[in-house]
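Report on the structure given below.
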Amino acid sequence: MMKNYKFIVPCMIIAFLMGLLVMSGISRISASPARTQAANIREKRVVSVMVEEDDSIWSIAKQYYTEECGSMKDYIAEIKKCNSISSDTIYAGYPLLVPVWASDAELPALEEGSL
């Protein structure tokens, strides 16, 4: 009878370890879509844009505008507020903080200014 225990205990340990491996594989598979979805969640962020010759607040706002921003008028007001400016005049060579709605996946393109 003792010989059976020597065989059963190692089998139970192996079965337990295999169960853990299977369960960890399942959790990895089910976590992947969640991570993908999290990367696609759009959040409000701020990017720095270098003002170039012939840029205007309107042209920059038009480039970064999305529906989440509300009206264009409100979006331009928000850009002004972020930069503590009251006029529509901006100058080439100065950075401008621009609030944007973007996901983690979209952010690198926004930071490079290539939408």
Quick one: does any side-chain atom of Tyr75 pair with a main-chain N or O of Thr66 as donor and acceptor, under 3.5 Å? no
Using atom types as modelled and distance alone, determine if a side-chain donor or acceptor of Tyr65 lies under 3.5 Å from a backbone N or O of Gly70. yes
How long is the span from the CG atom in Asp104 to the CZ atom in Arg42, to the nearest 0.5 Å?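 Spacing of CG (Asp104) from CZ (Arg42) equals 11.5 Å.
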How long is the gap from CD1 on Ile79 to CG on Leu97, to the nearest 0.5 Å?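 Here the rounded value is 10.0 Å.
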Heavy-atom check, side chain of Trp58 versus side chain of Ile76, under 4.5 Å: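 Yes; the side chains approach each other to less than 4.5 Å.
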Flag side-chain contact, heavy atom, 4.5 Å: Asp55 against Leu96: no
hydrophobic_cluster_shared for Val51 and Ile57, side chain cutoff 4.5 Å: yes
Any link between Ile85 and Val98 through a network of hydrophobic side chains (Ile, Leu, Val, Met, Phe, Trp, Tyr) touching at under 4.5 Å? yes
Do Glu106 and Arg45 sit within salt-bridge range, that is, some charged N less than 4.0 Å from a carboxylate O?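 Not counted as a salt bridge, because no side-chain N and carboxylate O are separated by less than 4.0 Å.
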Does this structure show an ion pair linking Lys81 with Asp74, if we count only N-O contacts that are shorter than 4.0 Å? no
With a sphere of 6.0 Å drawn around CD of Glu52, does it hold more than 12 non-hydrogen atoms of other residues, nucleotides or ligands?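 Check fails, neighbour count at 12 or below.
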Mind checking what makes salt bridge (Lys or Arg N to Asp or Glu O under 4.0 Å) contact with Asp54, not counting sequence neighbours?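 Testing Asp54 for salt bridge (Lys or Arg N to Asp or Glu O under 4.0 Å), a comparison that skips the adjacent residues, returns none.
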Mind listing the closest non-hydrogen atom pair of Ala61 and Met72 along with its distance?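 In terms of heavy atoms, the two residues are closest at CB-SD, 3.8 Å.
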